[in-house]
Amino acid sequence: MAGDGKDVFFIGYINAVPQPLGRFLAVIGLIVVVVMAGLGLLLSQRTADPGWAVTGYQHIELRGILEARPYPVLRVPDGEGRKPRAYLLAGEGKYGVQSQADGLYGRWVTVAGYLLKRGTLDMLLVDDKEGIVVASASDVLHPAPPQSLGRWRLTGEICDGKCYSGAMSPGNGLAHKACANLCLVGGVPPVFVSTGAVSGSEYFLLTDNKDGVNARRFADFVGQLVSVEGEIERVDNFYIFKSDPETMRAAGP
Amino acid sequence: MSVTLKPVIWYRSKLVYDGVVLLAMALYIIAYLRLAPTLQLVSRPIDDAILRMRAFGSCAFLMVSFILAIGPLSRLDRRFLPLLYNRRHFGVIACSVACAHVYYVYSWYLNLSPLNPLLALFSANTSYGQVLGFPFEIFGVLALVILLALAFTSHDFWLSFLTPRLWKSLHMLIYIAYGAIVAHIALGSFQASGDPFFVMIVCASALGLVGVHLAARSVSRAGEGTAGDDNWVDAGLISTIADKRARIIDLGEGEKVAIFRYDGKLSALTNLCAHQNGPLGEGRIIDGCVTCPWHGFQYRPEDGCAPAPFTEKVATYRLRRDLDRLWLDRRANPPGTRVEPLPISEGMADGR
Amino acid sequence: MMRCGVVVSQAIVSFLYAYGVAGLVAALLFLLLGIDRVEPSARGAYAFRPLIVPGLVMLWPLVLWRWWQIVQGRGADMSVRRSFLVRHAAAWKALAVVLPIMLFAALALRQSGPYELPAVPIDQRAMSVESGR
């Protein structure tokens with residue numbers, strides 16, 4: 001028994017560690033250090049890919065008509081070889097821009113900010129200092145009215161439009177739910193990320209079928225896989241999902 | 001303790017111990033935050049803050065799991081006992097790592113919203129009625145509050161001020177904290193990241209920990225004598241107790257007695273050290289005193305009192321003998337009561 | 001639901017602030033008036049005192065109760081009870097049951113997506129969009 005070190009008695013305040021025990025402890029220490037370093041590397045490396053997105057480094061200025069759909073949307077007409085595009089708007093931090101947009105709906109405005117882009121979603125983060133400024137009317141034709149794509153049942157995740165479009169990496173999932181809910185409460189438009197595409201798009205601005213902007217009603221379902229029915233509309237490049245909250249269900253595995 | 005209180009008492013062994021713990025922690029964090037991202041191909045990098053909350057969160061979990069494993073491991077193999085000696089510092093470091101995790105969650109997920117972050121913590125997610133999407137943060141809050149309370153009361157002042165009884169009760173909350181941490185991970189990270197390797201590590205740690213505790217329990221039972229019903233219980237043969245060591249007798253309901261043999265005499269003390277309930281019977285007689293294997297607290301075998309200037313006392317028990325057979329009175333004396341040691345006559349002393 | 005949550009959270013946060021302020025006052029009082037009287041080992045020792053402030057603030061009701069008890073001269077029961085071993089064993093038995101159930105349930109409920117569940121057209125117009133693709 002005495003030879004294998006199991007019988008050595010250690011007293012912390014006596015500094016000398018008897019030898020067979022010292023070697024054992026050194027080995028344990030080394031194993032702990034190596035295992036921890038290895039685990040750190042492996043666990044971090046296996047982090048899921050957050051997906052490609054343009055993440056808001058580019059400062060741009062856009063001119064277009066401000067619409068309430070019902071979240072503030074900037075319709076930028078075609079020109080200079082571009083197709084007409086619609087941009088969702090949000091503010092800095094976890095805020096929407098409803099208060100800045102109020103009273104400007106239907107008018108030509110200039111908006112400066114940072115571009116987020118993911119799939120068919122374009123979002124402009126309005127620069128707090130420059131804000132939304134009324135611009136002179138243009139002679140370009142008015143934007144096309146929304147086109148209905150009928151009623152669908154989609155399965156997917158409710159996210160906040162800002163984090164998912166590229167402001168956070170990753171900006172979805174249940175670990176992110178509290179953050180997403182705070183964004184929605186602050187007025188950031190919710191988006192529905194569908195597992196199946198409709199007319200080529202998997203991303204939808206999520207409203208309810210009464211066109212309300214009360215995103216709180218979605219709060220319990222944010223971040224998890226749900227299925228829900230509703231009508232889909234296309235506005236230029238982007239899609240609106242007017243969901244029926246009564247049909248919302250957690251999707252089973 | 002009755003010597004003057006100091007902020008931290010350092011020994012070389014403590015410095016080495018803390019050094020190894022800090023090194024393991026630092027390498028984990030560096031590998032997680034700096035090394036792994038350079039070896040990874042992703043469409044865009046993970047946010048620094050999110051990577052940090054994952055790194056510090058998982059690190060804190062692994063550390064707490066390891067800390068809780070030290071006790072049963074040292075019961076299974078006595079060579080782990082030195083790890084127990086400075087467990088307190090290990091715990092404080094783990095609590096700091098958990099705080100770093102919270103800091104990044106707080107400043108990234110909960111900040112910059114119309115609500116004050118502390119208010120946001122409790123009100124952002126109120127889906128208490130469902131399992132998926134349950135506000136798992138609340139389990140994290142519970143665990144953090146407990147870890148903080150334990151770290152804050154880790155100084156010896158608290159042990160003496162609150163009394164060992166209250167202090168120990170407070171520190172038993174670590175088991176609730178561990179359950180809360182596992183719930184926090186199971187309802188949060190498991191549902192979000194879905195990395196099977198991480199899931200495996202968490203399950204293996206938690207279930208492995210339960211496993212070593214149950215194993216240690218069965219081992220400590222197997223090695224001890226058990227008592228009868230009468231006030232005087234059979235404590236086995238004198239000749240089978242090694243010199244300067246003890247035999248532990250289980251009186252049932254968690255009450256254990258350590259019978260020490262030293263200098264041709266026998267004395268019985270409770271098996272629980274007054275400091276942190278270390279198993280005195282697994283210690284030995286050093287300089288004429290029973291020495292606890294956990295933190296080296298000492299007691300005179302004949303009266304259970306710590307030698308001056310210390311003031312701890314433990315309960316003593318009476319012994320009598322019948323030839324080589326030893327009998328123990330199961331009725332404990334008040335802590336510090338002197339009991340005349342039972343002499344062993346020469347003929348009996350050397351068991352064959 | 002969230003509105004109600006905000007009211008409750010507001011109450012929790014106000015309570016936490018009040019508790020913290022009371023804790024600071026109690027800690028100050030204890031360090032100025034109490035500690036030398038209740039803890040003989042603390043006499044003449046000052047360097048360790050900042051270390052115990054967070055604990056005093058966090059556990060102030062307990063601190064005041066112990067302070068009162070010691071001033072009243074009620075002998076503290078310093079003996080360690082055997083029941084700790086029983087409670088320790090009980091805690092691990094409970095964890096041995098709770099942890100596996102929790103982990104298993106969490107894994108069973110996991111929505112291990114992303115699934116490729118297609119969008120399902122419901123009305124005529126949607127079906128024509130579907131077929132036009």
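What you see is a predicted model, and the numbers here were worked out from it, not measured in a lab. Atom set for the values below is all heavy atoms of this structure, side chains included, hydrogens, waters and symmetry mates excluded. Chain naming here is simple, since letters A, B, ... match the order of the sequence lines and numbering starts at 1 in each.
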Check your understanding: So do A/Leu225 and B/Leu132 actually touch side chain to side chain, heavy atoms under 4.5 Å?
Key -> no
Point to revise | A/Leu21 side, atom CG; B/Leu81 side, atom CG - distance, nearest 0.5 Å | key: 9.0 Å
Exercise for review: Quick one: pull up CG in A/Leu43 and CG in B/Asp195 and give me the separation to the nearest 0.5 Å.
Suggested key: 7.0 Å
Review point. Which heavy atom in A/Lys177 sits nearest to a heavy atom in B/Ser127, and how many Å separate them?
Key: NZ-OG, 2.9 Å
Point to revise | Contacting moiety of B/Ile201, where chain A heavy atoms sit under 4.5 Å | key: side chain
Review point. Which heavy-atom pair separates A/Ala48 from B/Ile46 by the least distance, and what is that distance?
Key: O-CD1, 3.7 Å
Review point. Can you check whether B/Leu27 reaches A/Met36 side chain to side chain, under 4.5 Å on heavy atoms?
Key: no
Point to revise | Heavy-atom closest pair, residues B/Tyr32 and A/Ser44 | key: O-OG, 2.6 Å
Check your understanding: Side chain, backbone, both or neither: which part of A/Ala53 has a heavy atom under 4.5 Å from chain B?
Key -> both
Point to revise | Contact origin within B/Pro45 toward chain A - heavy atom pairs under 4.5 Å | key: backbone
Practice item. Let me know if B/Asn86 has heavy atoms under 4.5 Å from chain A in its side chain, its backbone, both or neither. Key: neither
Review point. Given that the side chain runs from C-beta out, which part of B/Leu51 has a heavy atom under 4.5 Å from chain A: side chain, backbone, both or neither?
Key: side chain
Review point. Would you say A/Pro20 and B/Arg79 make side-chain contact, with heavy atoms under 4.5 Å?
Key: no
Practice item. Supply the atom-to-atom distance A/Cys179 SG to B/Leu112 CG, rounded to the nearest 0.5 angstrom. Key: 9.5 Å
Check your understanding: Going through the distances and angles, do A/Gln224 and B/Gln130 end up as a side-chain contact (heavy atoms from CB on, under 4.5 Å)?
Key -> CA-CA 12 Å; A/Gln224 57 174 307; B/Gln130 58 203 62; 3.2 Å; yes
Study note, to complete from the structure: The interface call for A/Gln45 against chain B, heavy-atom contacts under 4.5 Å, is both
**Study point:** Close contacts, residues 23-34 of chain A versus chain B, judged by heavy atoms under 4.5 Å
**Key:** A/Phe24, A/Leu25, A/Ile28, A/Gly29, A/Val32, A/Val33
Point to revise | Whether A/Asp49 side chain and B/Ser43 backbone form a donor-acceptor pair below 3.5 Å | key: yes
**Study point:** Heavy-atom neighbours of A/Arg118 CZ exceed 12 at 6.0 Å
**Key:** yes
Review point. Under 3.5 Å, is there a donor-acceptor pair between the side chain of B/Gln40 and the main chain of A/Thr47?
Key: yes
**Study point:** Pick from B/Leu187, B/Ile50, B/Asp48, B/Leu121 with the largest number of heavy-atom pairs that fall under 4.5 Å of chain A
**Key:** B/Ile50
Practice item. Under 4.5 Å heavy-atom distance to chain A, tell me which part of B/Arg54 shows up: side chain, backbone, both or neither. Key: side chain
Check your understanding: Any luck finding a side-chain donor-acceptor pair between A/Ser169 and B/Asp47 under 3.5 Å?
Key -> no
Exercise for review: Pick whichever of A/Pro170, A/Gly38, A/Gly223 has the most heavy-atom pairs under 4.5 Å with chain B.
Suggested key: A/Pro170
Study note, to complete from the structure: d(B/Phe190 CZ, A/Leu174 CG) to nearest 0.5 Å is 14.0 Å
**Study point:** Side chain / backbone / both / neither for B/Leu35 at chain A, heavy atoms under 4.5 Å
**Key:** both
Check your understanding: Using a cut-off of under 4.5 Å for heavy-atom pairs, which of A/Cys183, A/Gly93, A/Gly173, A/Ala175 has the most such pairs with chain B?
Key -> A/Ala175
Point to revise | Pick from A/Glu92, A/Arg46, A/His176 with the largest number of heavy-atom pairs that fall under 4.5 Å of chain B | key: A/Arg46
Exercise for review: Could you check if a side-chain atom of A/Leu39 sits within less than 4.5 angstrom of a side-chain atom of B/Tyr28, using non-hydrogen atoms only?
Suggested key: yes
Check your understanding: Which heavy atom of B/Ala124 sits nearest a heavy atom of A/Asn181, and at what distance?
Key -> O-ND2, 2.8 Å
Practice item. Using atom types as modelled and distance alone, determine if a side-chain donor or acceptor of A/Lys94 lies under 3.5 Å from a backbone N or O of B/Tyr109. Key: yes
Point to revise | For B/His101, all residues meeting ring pair (Phe, Tyr, Trp, His ring centres under 6.0 Å), sequence neighbours excluded | key: none
Check your understanding: What part of B/Phe136 lies closer than 4.5 angstrom to a heavy atom of chain A: side chain, backbone, both or neither?
Key -> side chain
